[in-house]
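Each remark here refers to the structure printed beneath this line.
Only this structure's heavy atoms are used, side chains among them; waters, hydrogens and symmetry mates stay out. The structure displayed is predicted, hence computed values, not measured ones.
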Amino acid sequence: MKLYKALLTLTLVAVAGLFTACSEEGYWDKYNFTNDTYSFEQGTHSYSLKATDPLAEVQVTVERGTTKGNVDVPTIFAANSDIITVADTVAHFVDGSSKAVITIKIDEENITIGKNYTASLTLDVPAEQLSISGTTTYNLTFVKDYNWVVAGKGVYASSFTGEQFEVQFEMAEGYEGGYYCRVAPYKKGYYIPFFLDENANLESCPAGNYNMGVTYAGAALIFHHNPAGSYGKYCYTQNDGNVYLIAGIWDTAEGLYVAEEQFMWTEGWPGE
């Protein structure tokens, strides 16, 4: 009987020693019961701004499933312009907080009016650390544009169809240094832009390929204007009073054609 009790005591001591040894090795201490995963608080930010609206930075919040410990979570940054940058692509979590912020900087002075800008951040952690229900990629889009106001009417002569039809002109409100105008000859929302000086003379049409919003031979009809390009001799602007001409190239599915788009500004002409 005494021998049995002695063996039992030794057994209990051995078992206790086993648990003590595991704890000393850190096995139980390393087991993490918290939901240590990461996601973005918001998946997108999209801004459509006036030219005078400020947008110097956007703060992107990253969340985690715990508040314990100081943790650095890397991300992958991408943007379609070098005016969008980040000083640090890492989300720095501090002990006691479940959120960290990455700041996207925007060089406002070099924003091109009317251009669509995009940027993204993607969490760069193992798959098991990505939140199943959260957002693992953040997307930013923004565009700055002038406030366009109606600036009169006129008659447009299409060099492509040979037709004449009434059009409406729009002007950039608050544009400094003359007039920045545009016309949508073929479909609303698809414009040819142009600059007038303070005497309403035609200064230029910004170089570009302008989708007219209609199709020809199964493809988009594109008006190409670039005086410095390969077809520069076909790209020019001129006017005689309220009669204007913007010349370029029609880029179609069937080939290239000379384009000489003319219009007469009959109502609200800024030269009156």
Side-chain angles (χ1 to χ4, degrees), residues 30 32-148 172-177 180 182 189-191 193 195 206-211 226 228-229:
K30 288 182 179 178
N32 185 7
F33 288 92
T34 62
N35 181 28
D36 197 11
T37 58
Y38 305 95
S39 68
F40 290 101
E41 182 180 61
Q42 187 171 343
T44 60
H45 279 123
S46 183
Y47 301 93
S48 182
L49 306 169
K50 293 181 180 179
T52 55
D53 290 338
L55 187 66
E57 65 179 38
V58 177
Q59 293 192 336
V60 183
T61 300
V62 183
E63 295 182 322
R64 63 175 174 171
T66 182
T67 60
K68 296 181 180 180
N70 297 316
V71 179
D72 292 334
V73 177
T75 67
I76 298 171
F77 173 74
N80 71 340
S81 171
D82 58 9
I83 72 163
I84 311 172
T85 58
V86 287
D88 191 352
T89 59
V90 178
H92 300 283
F93 289 92
V94 298
D95 188 42
S97 177
S98 63
K99 296 183 179 183
V101 172
I102 296 176
T103 300
I104 297 177
K105 295 286 187 179
I106 300 166
D107 181 5
E108 290 187 288
E109 292 185 359
N110 289 305
I111 288 178
T112 300
I113 300 297
K115 178 177 177 178
N116 289 296
Y117 290 94
T118 62
S120 66
L121 288 167
T122 302
L123 294 174
D124 189 19
V125 297
E128 60 269 20
Q129 291 185 312
L130 297 174
S131 172
I132 297 176
S133 59
T135 302
T136 57
T137 297
Y138 164 85
N139 292 291
L140 167 68
T141 62
F142 67 91
V143 61
K144 278 194 173 187
D145 203 354
Y146 292 105
N147 182 33
W148 292 92
E173 189 176 47
Y175 179 80
E176 297 181 2
Y180 181 23
R182 65 185 185 184
Y190 296 85
Y191 302 99
F195 289 91
N209 295 306
Y210 299 103
N211 187 338
N226 184 6

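- Tyr138 contributes no side-chain N or O that, together with a main-chain N or O of Glu41, makes up a donor-acceptor pair within less than 3.5 Å.
- Residues Val71 and Arg64 meet the side-chain proximity criterion, which asks for heavy atoms closer than 4.5 Å.
- Asn209 pairs by the side-chain hydrogen bond (donor to acceptor under 3.5 Å, both in side chains) definition with His224, not counting sequence neighbours.
- Among residues two or more places apart in sequence or in another chain, the salt bridge (charged side-chain N to carboxylate O under 4.0 Å, His left out) test is passed with Glu108 by Lys144.
- One finds the CG atom of Asn147 at 8.5 Å from the OG1 atom of Thr52 (value rounded to the nearest 0.5 Å).
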Does the pair Ile102 and Phe77 meet the rule for a side-chain contact (heavy atoms from CB on, under 4.5 Å), with working shown?
-> CA-CA 11 Å; Ile102 296 176; Phe77 173 74; over 6 Å; no
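- With contacts defined as side-chain heavy-atom distances shorter than 4.5 Å, the pair Leu121/Ile76 does not qualify.
- Taken to the nearest 0.5 Å, the CG atom of Asn139 stands 10.0 Å off from the OG atom of Ser46.
- Of the inter-residue distances, the one linking Ile111 atom CD1 with Asp145 atom CG reads 12.0 Å to the nearest 0.5 angstrom.
- We find the CZ-CD distance between Phe93 and Glu63 to be 8.0 Å, quoted to the nearest 0.5 Å.
- Asp107 places no side-chain N or O within donor-acceptor distance of the main-chain N or O of Thr85, the cut-off being under 3.5 Å.
- The side-chain hydrogen bond (donor to acceptor under 3.5 Å, both in side chains) test applied to Lys105 returns Glu57, not counting sequence neighbours.
- Sequence neighbours left out, the pairs with a member in residues 86-95 that pass side-chain hydrogen bond (donor to acceptor under 3.5 Å, both in side chains) are Asp72-His92, Asp88-His92.
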Side-chain polar contacts of residues 123-135 - donor-acceptor pairs under 3.5 angstrom, sequence neighbours left out - could you list them?
from	atom 1	to	atom 2	distance (Å)
Ser131	OG	Gly134	N	3.0

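- Residues Glu173 and Tyr146 share a closest heavy-atom pair of O-CD2, 4.2 Å.
- We find the OH-CD1 distance between Tyr117 and Ile83 to be 4.0 Å, quoted to the nearest 0.5 Å.
- Atom CD of Gln42 and atom CD of Gln59 lie 12.5 Å apart (nearest 0.5 Å).
- Every residue two or more places apart in sequence or in another chain was checked for a side-chain hydrogen bond (donor to acceptor under 3.5 Å, both in side chains) with Lys115, and none qualifies.
- Taking the six-membered ring for Trp and thresholds of 30 and 60 degrees, Tyr175 and Tyr180 have ring planes inclined between 30 and 60 degrees apart.
- Nearest heavy atom pair, residue Val73 against residue Tyr38, reads CG2-CE2, 3.5 Å.
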Going through the checks in order, is the side-chain contact (heavy atoms from CB on, under 4.5 Å) test met by Val101 and Lys99?
-> CA-CA 7 Å; Val101 172; Lys99 296 183 179 183; over 6 Å; no
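- By the 4.5 Å heavy-atom criterion applied to side chains, Ile84 and Ile104 are counted as neighbours.
- For the residue pair Thr136 and Phe40, the shortest heavy atom distance occurs at O-CE1, 3.2 Å.
- When every heavy atom of Phe195 is checked against every heavy atom of Pro206, the shortest pair comes out as CE1-CG, 3.4 Å.
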Taking it one step at a time, do Tyr47 and Asp53 satisfy side-chain contact (heavy atoms from CB on, under 4.5 Å)?
-> CA-CA 10 Å; Tyr47 301 93; Asp53 290 338; over 6 Å; no
